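Computed from a prediction, not measured in an experiment: that's the story for all the values here. The figures that follow rest on heavy atoms only: side chains count, while hydrogens, waters and symmetry mates do not. Note that the numbering runs from 1 along the sequence shown for the chain.
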Amino acid sequence: MVSRTKTGWDAYCRCPVVLAPSEIPEVMKKAIVTVEDKRFFDHGGVDVVSLLSVLKGGLTRGGSTIPMQLLKNLVFHDLRASDVLTRLERKGAEVWYAGLFDEAVGKEELLAAYLNQIEFGGRDIVGLYRASRHYFRKEPKDLTLYEAALLAGMVKAPARLNPLRAKTRERAHERALLVLKLMVEQGRISDKERRQAEEAGIRPGMLPEFKIQAQAFTEWVVETWGDKYVQTLFSYSGDSGQAL
C-alpha cells in the first residue's frame, strides 16, 4: 500500500506470509476453531445451529462459520454497507456458497487460508506467521498452547487485546484464559493441559522482528505511476490525503 501525504510518501506491505496446513501447529488450529467456529470440522460450511440463533436474535448475533468469513473477506468484500438489505444480501450469499466452498477446498486448506489472512493488530500484522514473529519472536511451529490461545483470542478485537501494550496486557491474558477454558469444555485439551499452559505463559523466542521492506516498491510506484495515477481520496484536518 503506497500513499502520498503532505510531507512525502508512505508505504507498507499488508501481504501475509502464506503457511501451508502442515506448517500450522495443532494447538493453533484447536484454539482458533474453539473461538471462531467450534463445529468447524463437523459442518459442511454452514453451522445450522448458529444460523438458527441468528434468525432468532438478529443479524448482530453473527453465526458466520470460517468458510463464510473467508467468502466475506475474499469475495463479498464489496457488500459491506450497514443497511439491512445489504447485510441480508451478503449473509445470503455466504450461506449459499459456503457449502460448495467447504467441499471444494477442504477443511485443512480452509483453516490455513483463514489463519493466513486474518488481522492480528496493526496495519501490517496480517496472518499467523507475521503475528507469531511480531508478538513472540518465533516461528508459528514453536507456539506454545498458551500463546496459541492468546492469538486466537485477539482476533475478536486486536487493538483491545494486544499483549505487548501495558494498558491491554491484562485483558489479553484474561481472554487467553477464557480460550483455554473453552478448549477444555469443547474437549480439545485436557484440564491438565490447560493448567500447564497457564503456568507456562508466554515464552518469547530469539528471532528478530519480521518486516517486509517496501522502500524499493515505493520508489518504483512513484517513478512509474505516481504523477499520473495518484488521486485525492479523502481529507482530514483540512489537508488533502492522496493514495494509490
Side-chain angles (χ1 to χ4, degrees), residues 1 12-37 40-41 66 69-70 73 107-184 186 188-215:
M1 303 294 291
Y12 67 94
C13 183
R14 190 187 180 279
C15 48
V17 175
V18 178
L19 298 170
S22 60
E23 296 176 295
I24 298 173
E26 287 301 315
V27 289
M28 190 66 229
K29 294 177 183 180
K30 291 179 179 179
I32 198 68
V33 167
T34 295
V35 293
E36 292 297 303
D37 188 355
F40 174 71
F41 289 104
I66 284 175
Q69 291 183 56
L70 270 173
N73 294 337
K107 295 293 186 182
E108 292 293 329
E109 293 289 346
L110 279 173
L111 194 55
Y114 181 73
L115 285 167
N116 281 328
Q117 62 86 36
I118 54 177
E119 296 183 3
F120 288 92
R123 64 185 189 178
D124 56 355
I125 308 174
V126 179
L128 177 62
Y129 185 89
R130 298 184 75 168
S132 180
R133 288 287 298 269
H134 178 78
Y135 292 110
F136 308 124
R137 297 292 192 268
K138 61 172 63 174
E139 300 275 349
K141 63 182 178 63
D142 298 321
L143 288 171
T144 66
L145 175 55
Y146 178 87
E147 290 162 349
L150 194 151
L151 288 178
M154 286 184 66
V155 173
K156 179 181 178 181
R160 294 181 57 251
L161 298 167
N162 188 329
L164 300 183
R165 294 180 57 202
K167 291 184 178 180
T168 55
R169 188 176 299 134
E170 184 59 31
R171 192 182 299 148
H173 172 67
E174 292 174 357
R175 176 71 173 167
L177 296 183
L178 175 60
V179 174
L180 290 170
K181 179 183 177 183
L182 291 173
M183 292 177 76
V184 173
Q186 295 178 21
R188 304 188 196 281
I189 61 172
S190 66
D191 193 58
K192 180 180 179 181
E193 289 175 310
R194 177 191 63 80
R195 294 195 304 271
Q196 291 174 339
E198 292 179 5
E199 292 173 2
I202 296 174
R203 294 179 176 176
M206 300 295 290
L207 294 177
E209 184 176 1
F210 180 80
K211 287 187 176 182
I212 298 177
Q213 300 297 330
Q215 186 58 38

- Is Arg194 salt-bridged to Glu198, cutoff N-O under 4.0 Å? yes
- Looking only at heavy atoms, the pair that brings Leu145 and Glu193 closest together is CD2-O, 3.7 Å
- Looking at side-chain heavy atoms only, is the closest gap between Val35 and Lys156 below 4.5 Å? no
- Can you find a pair of side-chain heavy atoms, one from Ile32 and one from Leu128, that are under 4.5 Å apart? no
- For residues Pro163 and Met154, determine if any side-chain heavy atom of one lies less than 4.5 Å from a side-chain heavy atom of the other. yes
- Shortest non-hydrogen pair, Gly201 vs Thr144, comes out as O-OG1, 3.7 Å
- Query: Can you check whether Pro21's main-chain N or O pairs, donor with acceptor, with Lys29's side chain at less than 3.5 Å?
  - Reply: yes
- Kindly compute the distance separating CD (Glu26) from CZ (Arg188), expressed to the nearest 0.5 Å. 11.5 Å
- Task: Identify which one of Ile189, Leu177, Thr34 satisfies the side chain to side chain contact (heavy atoms under 4.5 Å, CB included) criterion when paired with Leu182.
- Result: Thr34
- Message: Before you tell me yes or no, could you show the steps for Val126 and Phe120 under side-chain contact (heavy atoms from CB on, under 4.5 Å), namely the whole-Å CA-CA distance, both residues' side-chain angles and the distance that decides it to 0.1 Å?
- Response: CA-CA 6 Å; Val126 179; Phe120 288 92; over 6 Å; no
- Query: Counting heavy atoms not belonging to Lys107, are there more than 12 under 6.0 Å from its NZ?
  - Reply: yes
- Is there a side-chain contact between Leu19 and Leu115 (heavy atoms, below 4.5 Å)? no
- Of all heavy-atom pairs between Gly121 and Tyr135, which one has the smallest distance, and what is that distance? CA-OH, 4.0 Å
- Taken in chain and number order and not counting sequence neighbours, the residues that satisfy ring pair (Phe, Tyr, Trp, His ring centres under 6.0 Å) with Tyr146 are His173
- Query: Do Tyr114 and Asp37 touch side chain to side chain, with heavy atoms closer than 4.5 Å?
  - Reply: no
- Can you find a pair of side-chain heavy atoms, one from His134 and one from Leu164, that are under 4.5 Å apart? yes
- Message: With rounding to the nearest 0.5 angstrom, report the CZ to CG distance, Phe41 to Leu111.
- Response: 5.5 Å
- Item | Closest approach of Pro140 to Glu23 (non-hydrogen atoms, all atoms of both residues) | CB-O, 4.4 Å
- Considering all heavy atoms of both residues, which atom of Val18 and which atom of Asn116 are nearest to each other, and what is their separation? CG1-ND2, 3.6 Å
